[in-house]
S.K.: 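The structure is given below, and queries will be raised subsequently.
Sequence lines set the chain letters: A, B, ... in the order given, protein chains first and strands last, and positions in each chain run from 1.
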Amino acid sequence: MNILRELRRRFAEALGAIVDDPGPLLDLIRPAQDARFGDYQANCAMPLAKRLHQSARDVAESLVARLRVGDLCDRPEVTERGFINMRLRDDWLDGWLRGASADPRVAIEPTASPRAFVIDYSSPNVAKPMHVGHIRSTVIGDAIRHILAFLGHTIVSDNHLGDWGTQFGMIIYGYKHFLDRRAYEKHRVDELGRLYKLVNQLAEYHELKERLPKAESDLARMDAQRADLAARVETLAGPERKKVAKDADRLDAKIKEAREEIGRIRARLAAVDDDPVKRALAREHPAIGERVLEETARLHEGDAGNRRLWAEFLPDCRLELAKAYQRLGIRFDYELGESFYHDFLGKVVAEFESRGLARTSEGATCVFLDGFETPMIVRKSDGAFLYATTDLATIQYRMATWHPDAVLYVVDSRQSEHFAKLFAAARLWGYDSVELRHVSFGTVLGEDGKPYKTREGDAVSLASLLDEAVARAYRVVCTVDDAKPSGRELSDEQRRRVAEVVGIGAIKYRDLSHNRTSDYVFSFDKMLELDGNTSAYLQYAFARVHAIFARGGIERPLPAGTERSADAGPPFPTVEERALAMALARFHETLDDVTIDYRPNMLTTYLYELAGHFSRFYTNPQCKVLKAETAELREQRLRLCDVAGRTIGQGLRLLGIQTVDQM
RNA sequence: GCGCCCAUAGCUCAGUUGGAGAGAGCAGUGGAUUUCUAAUCCACCGGUCGGGGGUUCGAAUCCCUCUGGGCGUACCA
């Protein structure tokens, strides 16, 4: 049961008698921010006070008088300033706990209004090995999928692989000119990765070489302007002088930026020039950029040789990805890559043209959209299609095949303009009833605040990050297990299993616990932390619950239990027990909150706090479970442990994180 | 130039969309184990919520402005 929703329903009735539109006021009913204010608070009296020409306190009082929550809460308290504080009745909470203990879904009923979702996430480029930048889309998308599915929605997850673009032109070109046959036969994907990097580097070399003179002349021009400003400042006084000085400061910033840019260009060029082999290759392939595009075009046109190469590369590339997904425990319902849509693209463009939605401009076929400075180009002047075209075809296919109510794109926020145009174009096209949603996330930055790269310019590979996480977790498992009072408890096989679960979990949790819209600074050490607010903390709480049941030899699910006897005393004698029960009862509203704006970090925050309540309960000497003073207390505490363990386990599962019984 | 996003403790980040002394983790300091797992718990230290103005009963949150960052910006994805 979503308690918050229930309270809002009750308030809607009470407010209905006072105002016409209770809707917005209901948002002001929320969990209490501070335990001393109770469990929930309603802040709707204050904004009403002015409208009704009464004091907030009086409004609150009359609201409470109309409110019927006696079965749920103790009598609501009204404060001087007009806050309404509510505390759930202990017997109600006790009844809830008994129900949750008997329910495999810990008292979370599926939604009454299920929707059909298509979720598009991960979507890596198959020609390159996955790196740390791919974690966010993959992990966030997977968590959203699990959460929506658990709440009863219908989900199709679709990995929109990049298997058809310029990157294949690059490896085809590389294969034709730079292949190391022996390396290719030994490990195809590694050799393809090398070819990709090499071709990319050479193409970039020529591009930068062309750009450098302009960058240098721009800088020279700015330097001249700067000198000019410096001279003018001397001739001025007062506000005029201030203004010019400020312009000079701005220009200085730009000059600094330009110098840095030129420095970066020179470094990239030097990486080729200083390597005799690469320098020779660069000389031999002066038009590599255009040649790559030609290879791509030939692939798309159906050139037999290039199609054969593509078909040769693809299975290995996909196998490599599959390994990464398997290790992460992630599966997709479909993996329809860009290549799947190739045959639809011409028709899509033709339809946009015939319906007058697109027209030719500067040789390219463009969809002009209100509110955008630049059009969405669906066909280049050389006839090639773009990812915008593919994305439109993908919408058409998904709508026709799965009829979703909503399509979620879990993609980097840097593509927000692309999606805004895509969705606008889709609406013009007639898809105006489906909710198309860019679930954007921030960029992973390096310590320097720039998008993450290692010094060599290559991102850290996902595999090496996972390996390191598991290795570190293994070291901790061994240290901790060796130090147990009664000696080591885990076999090496168990230790390795725990390390895998804890290590992978740490990485996923670290990412999911950030607000998805924020950029965040990548830190190898922070990513692999196992102390504090980390998945290991939750996994540890889970294992402790398991230990209690194992130690007591108690089977689960728990039996229904005896009725409370009249002289049993309060159901939650300590604040720790009450707080834990209350936290458990909030699982449902947390999940509902997550889905409002697809924010998994609301779930991590909840689980961390829940595990904290459990730990405080567990470490309180007055909350002994197996050695509880009475049979009734023991039963009750076992219920708390049971529901706590299953809630944490379920919550972690929804985040795509596994648990172990012992660690 | 235009557009979007951001600035919160030494560091990394939350802050439920405007609510009651501004929070967590890490780092630092000090405590707790005859105990169902100490990968734990408790306490202390640490803040001009980038600056200034405004709206409001009430602002880290909304508006304006300044400063400083990031990203995007016609044929890459």
S.K.: Rounded to the Å, how far apart are A:Y520 OH and B:C71 P?
M.R.: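 Result: 17 Å.
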S.K.: When you measure from the side chain of A:F368, which nucleotide among B:A14, B:C36, B:A74 comes out closest?
M.R.: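 The nucleotide sitting nearest to the side chain is B:A74.
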S.K.: Roughly how far apart, to the nearest Å, are B:G50 and B:C45 at atom C1'?
M.R.: 24 Å
S.K.: Can A:S122 and A:T138 be counted as having a side-chain donor-acceptor contact under 3.5 angstrom?
M.R.: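 Judged by distance alone, the side chains do pair up.
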S.K.: For atom CD of A:E635, decide whether the heavy atoms of other residues, nucleotides or ligands shown that lie under 6.0 angstrom number more than 12.
M.R.: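 Yes - once you tally the heavy atoms of other residues, nucleotides and ligands closer than 6.0 Å, there are more than 12.
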S.K.: Pick the C1' atom in B:U56 and in B:C13, then give their distance to the nearest Å.
M.R.: 30 Å
S.K.: Heavy atoms only, 4.0 Å cut-off, all strands: where does A:Q662 land among base, sugar-phosphate and nothing?
M.R.: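 The answer is base, as A:Q662 lies within the cut-off (heavy atoms under 4.0 Å) of a base atom.
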S.K.: Taking the C1' atom in each of B:U8 and B:A22, what is the distance between them to the nearest angstrom?
M.R.: 9 Å
S.K.: Would you say A:R30 places a side-chain N or O within less than 4.0 Å of OP1 or OP2 belonging to B:U17?
M.R.: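 For B:U17, OP1/OP2 do have a side-chain N/O of A:R30 under 4.0 Å.
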S.K.: Could you state the NZ-P distance from A:K484 to B:A39, rounded to the nearest angstrom?
M.R.: 8 Å
S.K.: Could you tell me whether A:F168 and A:H300 have their ring centroids closer than 6.0 angstrom?
M.R.: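 Distance test on ring centres: not under 6.0 Å, no.
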S.K.: For a quick check, tell me whether the side chain of A:T619 and the base of B:A38 share a donor-acceptor pair closer than 3.5 Å.
M.R.: no
S.K.: Testing the 3.5 Å rule here: is there a donor-acceptor pair between the side chains of A:D531 and A:Y537?
M.R.: no
S.K.: Reading RNA chain B from 5' onward, which residue's closest nucleotide shows up sooner: A:K421 or A:A388?
M.R.: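 Counting from the 5' end, the first nearest nucleotide belongs to A:K421.
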S.K.: If I pick the C1' atom on B:C62 and the same atom on B:G21, what distance separates them, to the nearest angstrom?
M.R.: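 After rounding to an integer number of Å, I get 24 Å for this pair.
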S.K.: Could you walk me through whether A:Y387 and A:H418 satisfy the ring-ring contact (aromatic ring centres under 6.0 Å, His included) test, starting with their C-alpha distance in whole Å, then the side-chain angles of each, then the deciding distance to 0.1 Å, before giving a yes or no?
M.R.: CA-CA 10 Å; A:Y387 78 136; A:H418 163 68; 4.1 Å; yes
S.K.: B:A38 and B:G19: how far apart are their C1' atoms, nearest whole angstrom?
M.R.: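 B:A38 and B:G19 have their C1' atoms separated by 39 Å.
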S.K.: Students often get this wrong, so: under 4.0 angstrom with heavy atoms, is A:M663 touching a base, only sugar-phosphate, or nothing?
M.R.: base
S.K.: Using O4'-C1'-N9-C4 for purines and O4'-C1'-N1-C2 for pyrimidines, with syn meaning within 90° of 0, is B:G15 syn or anti?
M.R.: anti
S.K.: To the side chain of A:R81, which of B:G21, B:U40, B:U16 is closest?
M.R.: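 It is B:G21.
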S.K.: So, is A:R599 close to the B:U16 phosphate, meaning a side-chain N or O under 4.0 Å from OP1 or OP2?
M.R.: no
S.K.: Do A:Y387 and B:A77 share a donor-acceptor pair, side chain to base, under 3.5 Å?
M.R.: yes
S.K.: Could you measure between the two C1' atoms, the one in B:U55 and the one in B:G47, and give it in whole Å?
M.R.: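 Pairwise C1' distance, B:U55 against B:G47, rounds to 25 Å.
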S.K.: Hey, do the aromatic rings of A:H438 and A:Y409 have their centres closer than 6.0 Å?
M.R.: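 No.
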S.K.: Of all the nucleotides listed (B:U37, B:A14, B:G70), which has the minimum atom distance to the side chain of A:D519?
M.R.: B:G70
S.K.: Between B:U37, B:G21, B:C11, which one does the side chain of A:A547 approach most closely?
M.R.: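 Per side-chain heavy atoms of A:A547, the pick is B:U37.
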S.K.: For B:C41, which nucleotide is its Watson-Crick or G-U wobble mate, given both distances must be under 3.5 Å?
M.R.: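 WC or wobble partner is B:G31.
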S.K.: Under the 6.0 Å and 45° cation-pi test, does A:R586 pair with A:Y606?
M.R.: no
S.K.: Taking the side chain of A:N515 as heavy atoms from C-beta outward, which of B:G15, B:A39, B:U73 is closest to it?
M.R.: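 Of the options given, the side chain of A:N515 lies nearest B:G15.
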S.K.: Tell me what A:E417 touches on the nucleic acid: a base, only sugar-phosphate, or nothing, going by heavy atoms under 4.0 Å.
M.R.: sugar-phosphate
S.K.: Which whole-number value in Å describes the distance from A:L633 CG to B:C36 P?
M.R.: 19 Å
S.K.: Using the P atom on both, measure B:C49 against B:C11 and round to a whole Å.
M.R.: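 My reading of the P atoms in B:C49 and B:C11 gives 16 Å.
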S.K.: Using atom NE2 of A:H514 as one end and atom C1' of B:C26 as the other, report the distance to the nearest whole Å.
M.R.: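 Going from NE2 in A:H514 over to C1' in B:C26 covers 12 Å.
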S.K.: Using OP1 and OP2 only, check whether a side-chain N or O of A:S413 sits under 4.0 Å from B:G72.
M.R.: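 No.
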S.K.: Would you call A:R87 and A:D39 a salt bridge, taking side-chain N to carboxylate O under 4.0 Å as the test?
M.R.: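 Salt bridge absent between A:R87 and A:D39.
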S.K.: Assign B:U37 to syn or anti; the rule is syn for a glycosidic angle within 90° of 0 and anti otherwise.
M.R.: anti
S.K.: From B:A39, B:G19, B:C13, pick the nucleotide closest to the side chain of A:L28?
M.R.: B:G19
S.K.: So A:A420, base contact, sugar-phosphate only, or nothing? Heavy-atom distance under 4.0 Å.
M.R.: nothing
S.K.: A:R544 has a side chain; which of B:U12, B:A38, B:G21 sits nearest to it?
M.R.: B:A38
S.K.: For A:S518 and A:A473, take the nucleotide of RNA chain B holding the closest heavy atom to each; which residue's nucleotide lies nearer the 5' end?
M.R.: A:S518
S.K.: Contact class for A:D481 (heavy atom, under 4.0 Å): base, sugar-phosphate, or nothing?
M.R.: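 A:D481: no heavy atom of the nucleic acid under 4.0 Å.
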S.K.: For A:Y520 and A:N515, which I'm curious about, is there any donor-acceptor pair between the side chains at under 3.5 Å?
M.R.: no
S.K.: Can you tell me if A:N620 touches the phosphate of B:C41, counting only side-chain N or O atoms and a distance under 4.0 Å to OP1 or OP2?
M.R.: no
S.K.: The side chain of A:S615 lies closest to which of these nucleotides: B:A77, B:U40, B:U37?
M.R.: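 When the side chain of A:S615 is considered, B:U40 is the closest of B:A77, B:U40, B:U37.
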S.K.: Checking contacts here: which listed nucleotide (B:A38, B:C41, B:C13) is nearest the side-chain heavy atoms of A:Y537?
M.R.: B:C41
S.K.: Give the rounded distance in Å between these two atoms: CG of A:D597 and P of B:A14.
M.R.: 14 Å
S.K.: Just name whichever nucleotide pairs with B:U61, Watson-Crick or G-U, keeping both distances under 3.5 Å, else none.
M.R.: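 Pairing partner, where one exists within any strand: none, as none qualifies.
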S.K.: Rounded to whole angstrom, note down the C1' distance from B:A9 over to B:C26.
M.R.: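 Those two atoms are separated by 12 Å.
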S.K.: Quiz question: by atom type and distance under 3.5 Å, do the side chains of A:N620 and A:E576 form a donor-acceptor pair?
M.R.: yes
S.K.: At 4.0 Å (heavy atoms only), tell me whether A:C366 reaches a base, stays on the sugar-phosphate, or touches nothing.
M.R.: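 The answer is base, as A:C366 lies within the cut-off (heavy atoms under 4.0 Å) of a base atom.
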S.K.: Does a side-chain N or O of A:Y618 approach OP1 or OP2 of B:U37 to a distance below 4.0 Å, or not?
M.R.: yes
S.K.: Just the rounded figure in Å: distance from C1' of B:C13 to OH of A:Y608.
M.R.: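 So the two atoms are 13 Å apart, to the nearest Å.
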S.K.: Should B:G25 form a Watson-Crick or G-U wobble pair with both distances under 3.5 Å, which nucleotide is its partner?
M.R.: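 Per the H-bond distance test, B:C11.
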S.K.: Could you list by number each residue of residues 34-46 of chain A showing a heavy-atom separation from RNA chain B of less than 4.0 Å, or answer none if no residue does?
M.R.: A:D34, A:R36, A:F37, A:Q41, A:N43, A:M46
S.K.: Report the C-alpha separation of A:H514 and A:Y509 in whole Å, then their side-chain angles, then the decisive distance to 0.1 Å, and conclude whether the ring-ring contact (aromatic ring centres under 6.0 Å, His included) test is met.
M.R.: CA-CA 9 Å; A:H514 288 103; A:Y509 186 91; 9.8 Å; no
S.K.: Quickly work out the A:N601 CG to B:U16 C1' distance and round it to whole Å.
M.R.: 10 Å
S.K.: Please tell me if A:R616 has a side-chain N or O lying less than 4.0 Å from either OP1 or OP2 of B:C42.
M.R.: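 Answer is yes, contact under 4.0 Å.
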S.K.: Tell me which nucleotide among B:A74, B:C36, B:U16 gets nearest to the side chain of A:D593.
M.R.: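 Within the option list, the nearest is B:U16.
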S.K.: Hunt down the Watson-Crick or G-U wobble partner of B:G3, both distances under 3.5 Å, from any strand shown, or write none.
M.R.: B:C71
S.K.: Nearest whole Å is fine: how far is B:U16 C1' from A:L7 CG?
M.R.: 16 Å
S.K.: What I want to check is whether the side chains of A:Q636 and A:R639 have a donor and an acceptor closer together than 3.5 Å.
M.R.: yes
